[in-house]
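Input: a single structure, listed below in structure tokens.
If you're wondering where the values come from, they're calculated on a predicted model, not measured in any experiment.
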Amino acid sequence: MSQISFSPDWLRQFSEDPYAVLGVALSADDRRVLKRYRMIAKLLHPDSFAASDTDTKTLATQMFARLVSPAYNQLKQENGRNEVTASLRYHVRRMSQIKPFNPTTNLAQQLSRTPAQSVDIIYEEAIVKLAEFQYQKLDQFASLTQQMSELNLTYLCLKMGEPILREKRTGIVPIDDAKPPIEVPINKLPKEEDKIDRGKYYAQRHYQRAQEYMKKSNWALAVQELRDAIRIDANTSDYHALLAKAYLMQNLPGMATVHFRQALKLNPKDPLAVEYAQKLKINLDNPRSGNKNEKTGGLFGGLFAKKR
């Protein structure tokens, strides 16, 4: 392996984007950053290079000390993450003022052409795909990290009108599990030109994850997944009905009624919505009707207790 020269210029090109150095999405919170840092620490630990030559061992140690640790120190606190994100946003705005931002790498180009409702999914999947190999072969580090850096800039360019990036404890693709059961490799995604099927595909994946969360009684994460599904495809009754049930299990009958009602508007025969419509006394002929105790949760005091 050829020895990388840790010149100031070489280090500077990566120090501007610590998210790319760590291989985490811009939406990563402190826990995801810490998990990734620990993962890289194991990959670059001298014990992992016991059978390697001295130059390779030295390179791994230098990369951890001069790139990974400084990047983690920048991102481990919320204030640091905010400062880095603000700096990257400023960089994107400056570039856009000079000329339209045109990414050069394949994944960033794919992201730039992605429908708005699927941008977050495509972005995080691409980051995970690259991060999986970022520190496996050290001679690929520079290329993969540069691709992630361009993905970050492309993502921020697409999110230019949104002032705040919502941090998430778990990504659309979990950072510590690049191959979960319901995920598929990025090269097996639906054809890019088939935007309608592509959107439905991603919405269905959110729905499937929500079902798994509900089996474990994790209602809050189920709600998050279902809201993402509805943001992509708002015309599927199954999503509204399951979201309503998730709200119901959190003792939020008012929110549950809204989505059961919407599910029935989309499909009057939706089995889950029909089942609970009678209990909530939902009347589609009068949108404001329903249980008069809805605001206080009186009706569902008994029903919710039974369901638990």
Side-chain angles (χ1 to χ4, degrees), residues 1-28 30 32-34 36-41 43-46 49 54-109 111-112 123-124 126-160 165 175:
M1 175 185 295
S2 60
Q3 180 69 41
I4 293 175
S5 173
F6 284 85
S7 66
D9 289 340
W10 191 89
L11 289 170
R12 191 178 301 115
Q13 66 177 314
F14 300 112
S15 62
E16 293 176 356
D17 188 353
Y19 284 100
V21 171
L22 287 187
V24 294
L26 293 166
S27 58
D30 55 346
R32 291 173 66 190
V33 168
L34 177 58
R36 178 62 178 169
Y37 173 70
R38 288 174 173 172
M39 182 185 299
I40 297 172
L43 291 173
L44 297 182
H45 193 275
F49 294 90
T54 302
D55 286 347
T56 301
K57 292 179 182 179
T58 301
L59 175 59
T61 301
Q62 289 290 309
M63 290 180 72
F64 185 76
R66 305 184 69 176
L67 287 171
V68 177
S69 288
Y72 173 68
N73 288 332
Q74 285 182 277
L75 299 181
K76 65 181 180 180
Q77 300 292 339
E78 182 178 1
N79 288 342
R81 294 193 299 277
N82 290 340
E83 289 177 5
V84 171
T85 303
S87 176
L88 292 173
R89 281 184 182 276
Y90 177 74
H91 183 49
V92 169
R93 286 197 296 270
R94 287 289 303 273
M95 288 193 306
S96 300
Q97 289 173 356
I98 298 172
K99 62 180 180 180
F101 178 65
N102 294 312
T104 59
T105 58
N106 291 335
L107 289 176
Q109 288 174 352
L111 179 64
S112 69
Y123 165 66
E124 289 204 21
I127 292 292
V128 168
K129 181 180 178 68
L130 295 173
E132 184 178 1
F133 302 100
Q134 185 180 18
Y135 290 96
Q136 295 289 348
K137 294 183 177 180
L138 302 187
D139 56 354
Q140 294 183 356
F141 166 81
S143 173
L144 296 178
T145 304
Q146 287 166 352
Q147 290 184 63
M148 281 189 276
S149 183
E150 188 171 59
L151 275 168
N152 290 341
L153 296 179
T154 304
Y155 179 74
L156 288 175
C157 187
L158 294 171
K159 294 285 184 177
M160 191 74 76
L165 293 178
I175 194 64

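- For the pair Asp30 and Arg81, the minimum side-chain heavy-atom distance is below 4.5 Å.
- A donor-acceptor pair under 3.5 Å is absent between the side-chain atoms of Ser87 and the main chain of Glu83, judged by distance alone.
- When side chains are defined from C-beta on, Leu138 counts as touching Leu44, because their heavy atoms get closer than 4.5 Å.
- Counting only residues at least two apart or on different chains, the ring pair (Phe, Tyr, Trp, His ring centres under 6.0 Å) pairs with a member in residues 68-94 are Tyr37-Tyr72.
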Q | Stepwise side-chain contact (heavy atoms from CB on, under 4.5 Å) test for Met148 and Leu130 | A | CA-CA 7 Å; Met148 281 189 276; Leu130 295 173; 3.6 Å; yes
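- Every residue two or more places apart in sequence or in another chain that forms a side-chain contact (heavy atoms from CB on, under 4.5 Å) with Glu150 is listed here: Phe101, Pro103, Thr104, Thr105, Ala108, Thr154.
- Between Leu151 and Ala126 the shortest heavy-atom distance is CD1-CB, 3.7 Å.
- When each of Leu67, Leu75, Ile40 is tested with Val21 by the rule side chain to side chain contact (heavy atoms under 4.5 Å, CB included), just one qualifies, namely Leu67.
- Minimum interatomic distance between Gln74 and Ser15 (heavy atoms only, all atoms of both residues): OE1-O, 4.0 Å.
- When the side chain to side chain donor-acceptor pair (under 3.5 Å) test is applied to Ser149, the partners found at least two apart in sequence or on another chain are Asp17.
- In this structure, Gln140 places its CD atom where more than 12 heavy-atom neighbours from other residues, nucleotides or ligands lie under 6.0 Å away.
- Summarising the local packing, CZ of Arg93 is surrounded by more than 12 heavy atoms from other residues, nucleotides or ligands at distances under 6.0 Å.
- Residues Ser96 and Met160 meet the side-chain proximity criterion, which asks for heavy atoms closer than 4.5 Å.
- Rounding to the nearest 0.5 Å places CG of Leu59 at 14.0 Å from CZ of Phe64.
- With values rounded to the nearest 0.5 angstrom, Leu153 atom CG is found 9.5 Å from Glu16 atom CD.
- The salt bridge (charged side-chain N to carboxylate O under 4.0 Å, His left out) search around Arg12 returns Asp9, not counting sequence neighbours.
- Scanning for side chain to side chain donor-acceptor pair (under 3.5 Å) contacts around Tyr123 gives Asn152, with sequence neighbours left out.
- Gln146 meets the side chain to side chain donor-acceptor pair (under 3.5 Å) test with Gln13; sequence neighbours excluded.
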